[in-house]
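Some notes on the structure that comes next.
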Number of protein chains: 2
Amino acid sequence: MIDAKNVTISDSEWEVMRALWTMGKPTSRELIDAMAGLKGWSASTTKTLLHRLIEKGAVNKIGAARPFVYQAEVGEAPSMVAAANDLFDHMCAMRAGATIASVIESRELSKNDIAKLQSILAEKAKTAPEKVECNCLPGHHMCKEVDDDG
Amino acid sequence: MIDAKNVTISDSEWEVMRALWTMGKPTSRELIDAMAGLKGWSASTTKTLLHRLIEKGAVNKIGAARPFVYQAEVGEAPSMVAAANDLFDHMCAMRAGATIASVIESRELSKNDIAKLQSILAEKAKTAPEKVECNCLPGHHMCKEVDDDG
DNA sequence: CTTGATGGTTTACAATCGTAGCCGATAAGT
DNA sequence: ACTTATCGGCTACGATTGTAAACCATCAAG
């Protein structure tokens with residue numbers, strides 16, 4: 001369940017969105033085939049998910065004639081950012097640094113990506129606090145130091 | 001639904017885990033009060049979630065006598081990392097850089113966090129590719145360039 | 001010993017999700 | 001025109017989730 005533009009998109013629906021973002025304006029057939037290949041879903045499954053996404057306003061059905069094409073209504077990048085924020089909003093602020101570190105370590109990033117991140121970090125370093133406070137239970141700072149991974 | 005240690009922990013359950021991680025080994029009463037304060041849940045709701053987490057093996061009931069204490073069985077940091085990986089595994093590899101950038105921009109990070117990230121990035125820069133390929137539909141690279149946020 | 005508080009266990013129930021079959025309309029082939 | 005393959009809509013159904021009440025056991029107080 002990931003939130004993008006105030007609607008809740010389920011995991012399976014999310015997969016359909018991914019395909020839609022990649023394919024642009026596919027017909028249902030193209031989408032069905034793609035999902036069949038990617039996830040092994042039956043045609044009905046993809047159709048259902050597509051319909052639910054339309055109901056939720058995350059996808060548009062375009063055209064008047066019979067082979068409609070479908071298009072994502074919510075953008076890919078904003079949805080990614082929303083999903084990531086949703087995740088980090090639900091973890092202790094103290095853990096964000098270590099978690100980001102782990103993500104960076106495990107992902108493939110281009111030279112350009114890295115340069116951008118470095119520049120953001122350099123800027124951020126200027127005003128960074130010595131320590132981030134735990135925000136788990138308001139008023140208390142009960143989280144232990146970060147490195148007790150267990 | 002976030003995956004940590006091969007069990008699926010739902011959103012609400014996740015909130016309970018957060019409290020457990022913060023509180024350590026609370027009694028059910030303490031936990032119930034915390035969740036009532038944080039989320040406005042009734043005692044029953046917290047009890048149900050706690051039970052489901054125990055069934056799922058994510059939480060341990062400790063003690064033999066009547067006021068048991070409860071403890072998270074899965075660690076906080078690994079769960080965070082698992083959740084983050086889960087998220088990034090389900091987005092186009094091309095988008096990872098921009099998404100991480102947005103996360104870094106919106107989070108509070110300590111000087112130490114930043115230094116650590118900078119060191120990881122410096123290391124990673126040595127072997128970084130010029131460009132990350134789209135991995136959305138295998139065999140094709142259909143994703144547009146990253147900066148068409150819309 | 002009865003009683004009530006406190007904590008633990010079962011049951012409930014509507015909403016959403018994952019997964020998919022079936023049906024009706026329309027377009028295409030013969 | 002008649003049959004058939006497609007496409008889109010409706011129906012289905014068990015599992016999980018969010019939310020919580022009801023019930024039961026046990027300990028302490030009277």
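All chains are named by letter (A, B, ...) in the order of the sequence lines, taking the proteins before the strands, and each is independently numbered beginning at 1. Worth saying up front: this structure is predicted, and the values here are computed from it rather than measured.
Scored by the side chain to side chain donor-acceptor pair (under 3.5 Å) test, S42(B) finds T45(B) as partners (sequence neighbours excluded). By the salt bridge (Lys or Arg N to Asp or Glu O under 4.0 Å) test, E123(A) pairs with K126(A), sequence neighbours left out. Applying the side chain to side chain donor-acceptor pair (under 3.5 Å) criterion to N85(B), with sequence neighbours excluded, gives S106(A), R107(A).
At a cut-off of 3.5 angstrom, counting only N and O atoms as typed in the model, there is a donor on one side and an acceptor on the other between the side-chain of R52(B) and the base of dT19(D). Not a single donor-acceptor contact under 3.5 angstrom links the side-chain atoms of K47(B) to the base of dG7(C). One N or O donor and one acceptor, one from the side chain of S44(A) and one from the base of dG21(C), sit under 3.5 Å apart.
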Please determine whether side-chain contact (heavy atoms from CB on, under 4.5 Å) holds for the pair M17(A) and V59(A), giving the CA-CA distance in whole Å, both sets of side-chain angles, and the decisive distance to 0.1 Å.
CA-CA 8 Å; M17(A) 291 305 293; V59(A) 169; 3.7 Å; yes

Give the intermediate values and the outcome of salt bridge (charged side-chain N to carboxylate O under 4.0 Å, His left out) for residues R95(A) and E76(B).
CA-CA 9 Å; R95(A) 301 283 175 180; E76(B) 180 175 13; 2.8 Å; yes

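Under 4.0 angstrom from either OP1 or OP2 of dC7(D) there lies no side-chain N or O belonging to Y70(A). Residue S12(B) places none of its side-chain N or O atoms closer than 4.0 Å to OP1 or OP2 of dT17(D). OP1 or OP2 of dG18(C) sits under 4.0 Å from a side-chain N or O of S10(A).
For I32(A) and dA5(D), the CD1 to C1' distance is 14 Å, given to the nearest whole Å. dT16(D) atom P lies 11 Å from atom CD of E55(B), rounded to whole Å. Per the geometry, CD belonging to E13(A) stands 6 Å off P belonging to dC17(C), to the nearest Å. Atom-to-atom, CG of L49(A) to P of dT16(C) comes out at 15 Å; the value is rounded to the nearest Å. Between the CG atom of L50(B) and the P atom of dG18(D) there is a distance of 15 Å, given to the nearest Å. With rounding to whole Å, I54(B) atom CD1 is found 9 Å from dG8(C) atom P. Rounded to an integer number of Å, the gap from F68(A) CZ to dA27(C) C1' is 13 Å. Rounded to whole Å, the distance from CG on L31(B) to P on dT6(C) is 18 Å.
Rotation axes derived from the C1' atoms of the five outermost pairs at either end of the helix from dC1(C)-dG30(D) to dT30(C)-dA1(D) lie 20° apart, to the nearest 10°.
Among residue pairs with one or both ends in residues 16-36 of chain A, those qualifying as salt bridge (charged side-chain N to carboxylate O under 4.0 Å, His left out) are R29(A)-D33(A); sequence neighbours excluded.
Within the nucleic acid shown, T45(B) comes within 4.0 Å of at least one base atom, counting heavy atoms only. Among the heavy atoms of the strands lying under 4.0 Å from T48(B) is at least one base atom, whether or not backbone atoms are also near. R29(A) comes within 4.0 angstrom of sugar-phosphate atoms only, judged by non-hydrogen atoms across all strands, and of no base.
How far CG of L49(B) is from CD1 of I9(B): 11.5 Å, rounded to the nearest 0.5 Å.
Checking dG8(C), dG8(D), dG9(D) against every side-chain atom of K61(B), the shortest atom distance belongs to dG8(C).
Across every non-hydrogen atom of A19(A) and L31(A), the tightest pair is CB-CD1, 3.8 Å.
Within a heavy-atom distance below 4.0 Å of DNA chain D, no residue of residues 36-43 of chain A is found.
Within the 3.5 Å criterion, the main-chain N or O of V74(A) finds a donor-acceptor partner in the side chain of W21(A). D113(B) places a side-chain N or O within donor-acceptor distance of the main-chain N or O of S110(B), the cut-off being under 3.5 Å.
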